Each structure stands twice: as C-alpha cells, then as structure tokens.
Amino acid sequence: MRFWSTRGAHETDFIGAVSQGLAPDGCLYVPEDLPRFDPNDIQGDSLKDIGTRLLAPFAAGSPLAPDLRALCGQALDFPVPLVSVDKGRGPLWVLEVFHGPTAAFKDVGARFLAAVMERSLPLLEPEDQRPLTILVATSGDTGGAVAAAFHRRRGMRVGVLFPAGQVSPRQKHQLTCWSENVRSFEVNGTFDDCQTLVKSAFTDPSLNMRHRLSAANSINLGRLLPQVVYHAAASLWHWRTEHRPANFIVPTGNLGNALACIWARAMGMPIGDIILATNANRVLPEFLATGDWQPRPSIQTLASAMDVGNPSNMERLRHLVPDFGDLRSSVEAYPVSDAAIREQIARDYERLERVWCPHTATGFNVYDQLPQARCTEASWIVVATAHPAKFDNIVEPAAGTSVPVPASLAALLELPSRYESIDPDLAVFSDMLDQWR
Ligand SMILES: *Cc1c(COP(=O)(O)O)cnc(C)c1O
C-alpha cells in the first residue's frame, strides 16, 4: 500500500509514513485507498486476530508485513471490554479502551508506533548509529503513553515536554516516573509553548545536524491505524450477537480516535451513526452546523485531553468526505460544558454506580440528550477514553466517592518522579539535548 499526503504532493510506503509522521509538504499522510471488508468474512474474536486481518492491506508490500501479527499483539495486548450499561433507554454499551499501562486509549497507538519504529530503525539508515530522539509535547495523556511505550526500547530515546500546572497530579506522575532512555521536561508555559518548542527544534538546522530527531504526535499514521482495530472489533462483537450495526459516540479533541472509528466504518465494519462529543472547544460542532471552519486557540476545560481548538485530523476527514453535504450526513458533533460534565459524572454514579473520566462523561452526556426514539431503534456504544482514577482530582469531588486505582496505574504512581524545569527557550532546550548521554 502507498500513502499520500492529503494534498497529493508526496507519496511514501508504510515505514515512510510512520517514520516521517508529517509529509514534507506539511500535510498528513492518508492511505491511497481504504480497504473494504465484509464483516462476515472476518474470523476471530481477539484484537490481535482482527487487527492482523484489518491492517494487512496497509502493511502489504512493506518489509514489516511479516511482522504485523507480532506488532498487533504488542500494541493490543490488554483487554478492551465492551460492557453493557443499563440506563433504561435502550441497548447501550461502553467500550473501555483504558486498561493499558497509562490508563487511556493513547496506549494503543503509542505501543503500535513504538513497536513499528523499533523494527523500522535498522531498515531506515543502518549506517546512522545515533539514537533516534523522539520529542513529544503533551497536554497530559499522550506523553505518558509514549514514554511507557518507548521506555527501554533499543536505539530510541524520548523527551517529553509538558506545561507546568496544566496536567493533573497523577498525569504528571505518569509523565515523570521514567528513567534510562526517557527524560521529562516541565515547561514554564502552556501546551502551545511546548508544541512550539518541539517544532522549533525540528526546524533548527544545527540541532538537526547534531541529533536524529523524530516525532510521536497524534497525527502519526502509526497511532491512527491500531485505533481502527478496537472500533472495528467492538462493532464485530456487537454484530455477531445482535445482527445489526451499532452507533458510536466518541469523545473527541484532535479527532484521531473518532477518525479511526469513521475509517473503520468506511472499511465496511458494521457501524451506523457516529457522533462526536466535544467539550467547550466547539469548533467541530459549529463547523457541522454552519459550514464555517473557524479554528481558534483552545480553552481549558475539565476534559483537558480534548482541549483542542484546531483539530488536525480534520484534514483527513475532509479528504475522506470532501463534500460538505456528505460530511454532514456522515457525522454529528455536540459540545458539552464543564458544568454538564460534572453533573453527568454525579448523575451516572448515582444511577449506575459507575464513575466516568471527564472525557468519557461528554459521551454519556450526548447519549442522554438523544431523542428517545434514537435510543430505542438502535444499539449505541460510547467509547470510554480514560480510566477515572487518572482524573481523581476532578471526578472524586464530582461523584462524591473515591475511585480505586487500577493495578498498572498504582505501580507507576509508586515509582519516584523526576523531571527538569525549563523555560520555553530553544537555546536552553538545545543545551539539554546536547548534554543528554
Ligand atoms: C486524547 C484523548 C481524547 C481525545 O482524542 P482525540 O483522538 O484527540 O480526538 C479523549 N479522551 C482522552 C482521555 C484522551 O487522552
């Protein structure tokens, strides 16, 4: 399979798309064609089996094709249960994509990316003996997932940059509990400052002469593809017992997770309606309502991993569905305020004894606002993006209960935390990189 930049100016293969992240024209890579499957032809129940089958066309022709099964096994080796939820409105499930090492769905993409990169490295520039230095700016969940996924992998090291005071205490611990090939930098600034620092490192010629830099941000195809797998698997599990498609509600920020769901449907998976739930950053709902694309700086909300004012994967969605009328009939999007997030967490704890993370709460809020007829006539799956224990500072006061910490998260929280504080200044950051041994 070949991959093209959305503007069609650059073409590469599977390894190229994953190792470059962004195409040289600054656009995102998309597959030349999405493969199509008949859901009845897909065998197996496990994420590994379903993933190997669905992703085979993307890896076809690549030297990594024979490794695909092992790669899927590494990325998708924790449970992603589809759990029934009884709200008394109709058939409803929650897809829990948060049982990985850092308790958010970002683990899936980060682990696949790390496994692909580790195997690609010897094939890329075998004569270059320098370690690959992966820089990642994070507003919370991405950095922890990438650090965990790349920790102790050969030939690669990770620099995580996070904004001071803007991540939850437990998120901060997950960003800073690593050692060996992972270093964490607390930047005295905002997430945008972190991102600008990473971008200026990438475009600084002398820094690039001295270091072999790479990115692991959420626009990388290597993170998107494995996310297709759990949406597809959930729709197939549902299809095999209920014999009809399921509708999905996906909490959305940068549109990576939701786009993976949309790709899964375009690949023939039994998925009906797809609704995006956003927080108060409402650029997507406004666009679908008015046709006006108005990206803007993000505002801080309780669902901080969705604080995105200019969702970059929109470019891939427009590429898949270029016509605005078609786009409008293919997805819906609704915003959820912080007050509604808090109320949702409290209400669902009271009714169901389940505590959602603030992101997942946006999904259930959107579900609760659906007209009753839509709940009765179809099955719904809400994607739960993070474990609530990761956001205990928000969910415990909202629900009025304490949330038990899952074992994998507890193990990370036991580790000592260490990080360096830096100003958002390229000269300072360059020195740090130069002294990294
Ligand atoms: C990243 C993240 C989101 C948003 O996902 P996108 O792919 O950016 O749309 C939602 N919830 C949690 C917990 C996240 O970490």
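A quick note: this is a predicted structure, and the numbers were derived from the prediction, not measured. Order of listing sets the numbers, starting from 1, for every ligand and every atom in it.
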Chemist: Within the structure, is a non-hydrogen atom of Phe98 found at a distance of less than 4.0 Å from ligand 1?
Modeler: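 No, Phe98 has no heavy atom closer than 4.0 Å to ligand 1.
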Chemist: Is the backbone N or O of Thr385 less than 3.5 Å from a side-chain atom of Thr360, with the two atoms forming a donor-acceptor pair by type?
Modeler: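 Checked: pair present.
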Chemist: Hey, does the side chain of Asn279 reach the backbone of Ala303 with a donor-acceptor pair shorter than 3.5 angstrom?
Modeler: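 Indeed, once roles are kept as given, a pair shorter than 3.5 Å links the two residues.
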Chemist: Taking distance alone, with N or O pairs closer than 3.5 Å, would you say His359 contacts ligand 1?
Modeler: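 Between His359 and ligand 1, no N or O pair is found under 3.5 Å apart.
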Chemist: Return the closest protein heavy atom for atom 8 (O) of ligand 1 as residue, atom name and distance.
Modeler: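 Of every protein heavy atom, Asn254 N, 2.8 Å lies nearest to atom 8 (O) of ligand 1.
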Chemist: Looking only at protein heavy atoms, identify the closest one to atom 12 (C) of ligand 1 and say how far it is in Å.
Modeler: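 Checked against all protein heavy atoms, atom 12 (C) of ligand 1 sits closest to Thr385 OG1, 3.4 Å.
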Chemist: May I ask you to list the atoms of ligand 1 that are less than 4.0 angstrom from any heavy atom of Asp141?
Modeler: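 Listed by number with element: 12 (C), 13 (C), 14 (C), 15 (O).
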Chemist: Around atom 3 (C) of ligand 1, find the nearest protein heavy atom and jot down its residue, atom name and distance.
Modeler: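 Among all protein heavy atoms, the one nearest atom 3 (C) of ligand 1 is Phe105 CE2, 3.5 Å.
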Chemist: Side chain or backbone, does Gly256 bring an N or O within less than 3.5 Å of an N or O on ligand 1?
Modeler: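 Right, the criterion is met.
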Chemist: I'd like to know whether the aromatic ring centres of Tyr367 and Tyr334 sit less than 6.0 Å apart in this structure.
Modeler: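 No, they do not, as the ring centres are separated by 6.0 Å or more.
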Chemist: Are any of the side-chain nitrogens in Glu332 or Arg374 under 4.0 Å away from the carboxylate oxygens of its partner?
Modeler: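 A salt bridge is present here (some side-chain N lies under 4.0 Å from a carboxylate O).
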Chemist: Quick one: does any side-chain atom of Asp33 pair with a main-chain N or O of Pro35 as donor and acceptor, under 3.5 Å?
Modeler: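 Side chain of Asp33 to backbone of Pro35, a donor-acceptor pair under 3.5 Å: no, none is there.
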Chemist: Which ligand 1 atoms, with their elements, are less than 4.0 angstrom from a heavy-atom of Lys106?
Modeler: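 Taking each heavy atom of Lys106 in turn, ligand 1 has 1 (C), 2 (C), 3 (C), 14 (C), 15 (O) under 4.0 Å.
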Chemist: Over 60° means perpendicular and under 30° means parallel, so tell me whether Phe98 and His387 are parallel, tilted or perpendicular.
Modeler: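 Ring orientation of Phe98 relative to His387: perpendicular.
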Chemist: Short N/O distance, under 3.5 Å, between Gly253 and ligand 1?
Modeler: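 N/O-N/O distance under 3.5 Å: yes.
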Chemist: Does a salt bridge link Arg2 with Glu32, judged by any charged N lying under 4.0 Å from a carboxylate O?
Modeler: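 Salt bridge absent between Arg2 and Glu32.
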Chemist: Please determine if Leu255 has a nitrogen or oxygen closer than 3.5 Å to a nitrogen or oxygen of ligand 1.
Modeler: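 Right, the criterion is met.
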Chemist: Can you check which of Asn313, Leu276, Asn257 brings a heavy atom nearest to atom 7 (O) of ligand 1?
Modeler: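 Checking each option, the heavy atom nearest atom 7 (O) of ligand 1 is found in Asn257.
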Chemist: Assess the side chains of Gln174 and Thr102: does a donor N or O sit below 3.5 Å from an acceptor N or O?
Modeler: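 Short answer, no.
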Chemist: So which of Met306, Gln227, His387 gets nearest to atom 10 (C) of ligand 1, if we judge by its closest heavy atom?
Modeler: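 The residue whose heavy atom sits nearest atom 10 (C) of ligand 1 is Met306.
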